[in-house]
Amino acid sequence: MSISYEAGIVLLALFAGGEVGVDIATIDATHLSDELLRMAALYLPPNEVSVMPGCASPAASARAFLESWTRQEARLKCARQPLVEWSPALQAGIAGLHASAVELPDTVDPNSVATVAWRSAQRPSWS
């Protein structure tokens, strides 16, 4: 089981087929601040960080950060790991995990992103 909450939204993931992690986050999607870019450089895979500044717009860069952040958080929760700085060893430890974006209802802030991660050959179903 994994739980995540943000601004009045709660996500709960249960998966009998294996380990699961879920994360939801919301940010001001107008730009990718220097602070967020520094956080990305510390905690996210370098190949994902490198594309953020080159997105088509500042809002797209912020969205790319949020998608990468929730993906990493969901993987870490699935692996029962705390938020730690990115390292090759960390990446190797979570490499076998799958992750997918969660489609949120229209009533949720459009600046919110959610991701579910799991460790299993079987893909979980959700609604």
So, the side chain of Thr70 versus the backbone of Leu66: is there a donor-acceptor pair under 3.5 Å, distance only? yes
How about Pro53 and Leu37: do any of their side-chain heavy atoms sit closer than 4.5 Å? yes
Where Cys55 and Ser61 come nearest, the two heavy atoms and their spacing: CB-OG, 3.4 Å
Does the side chain of Leu36 reach to within under 4.5 Å of the side chain of Met52, using non-hydrogen atoms? no
Rounded to the nearest 0.5 Å, what separates atom CG in Asp109 from atom CG in Asp106? 12.0 Å
With heavy-atom distances below 4.5 Å as the criterion, would you say the side chains of Tyr43 and Leu83 are in contact? yes
State, yes or no, whether a side-chain contact exists between Leu42 and Trp86 at a heavy-atom distance under 4.5 Å. no
dist Phe65:CZ -> Ser33:OG (nearest 0.5 Å) comes out at 8.0 Å
Who pairs with Glu67 by salt bridge (Lys or Arg N to Asp or Glu O under 4.0 Å), at least two apart in sequence or on another chain? Arg63
Working to the nearest 0.5 Å, report the span between CG of Leu44 and CD of Glu73. 9.0 Å
Taking side chain as C-beta onward, heavy atoms only, is Val116 less than 4.5 Å from Val20? yes
Sort and list the pairs that fulfil side chain to side chain donor-acceptor pair (under 3.5 Å) and have at least one residue in residues 9-24, not counting sequence neighbours. Ser4-Asp23, Glu19-Arg119, Asp23-Lys77
Got a second to check how far Leu11's CG is from Glu6's CD, nearest 0.5 Å? 10.0 Å
Identify the heavy atoms of Ala79 and Ile94 that sit nearest to each other, and give their distance. CB-CG2, 4.0 Å
For the residue pair Met39 and Asp34, establish whether any side-chain heavy-atom pair is separated by less than 4.5 Å. no
Can you tell if the side chain of Val113 reaches within under 4.5 Å of the side chain of Leu104, non-hydrogen atoms only? no
For the student: nearest non-hydrogen atoms of Ala56 and Ala60, plus distance: N-CB, 4.3 Å
Is it true that a side-chain atom of Ser2 and a backbone atom of Val22 form a donor plus acceptor pair closer than 3.5 Å? yes
Carefully, step by step, assess Val10 and Ile3 under the rule side-chain contact (heavy atoms from CB on, under 4.5 Å). CA-CA 7 Å; Val10 176; Ile3 299 172; 4.2 Å; yes
Within-4.5 Å side-chain heavy-atom neighbours: Ser112 and Ile9: yes
With sequence neighbours excluded, tell me which residues meet salt bridge (Lys or Arg N to Asp or Glu O under 4.0 Å) with Glu48. Arg71
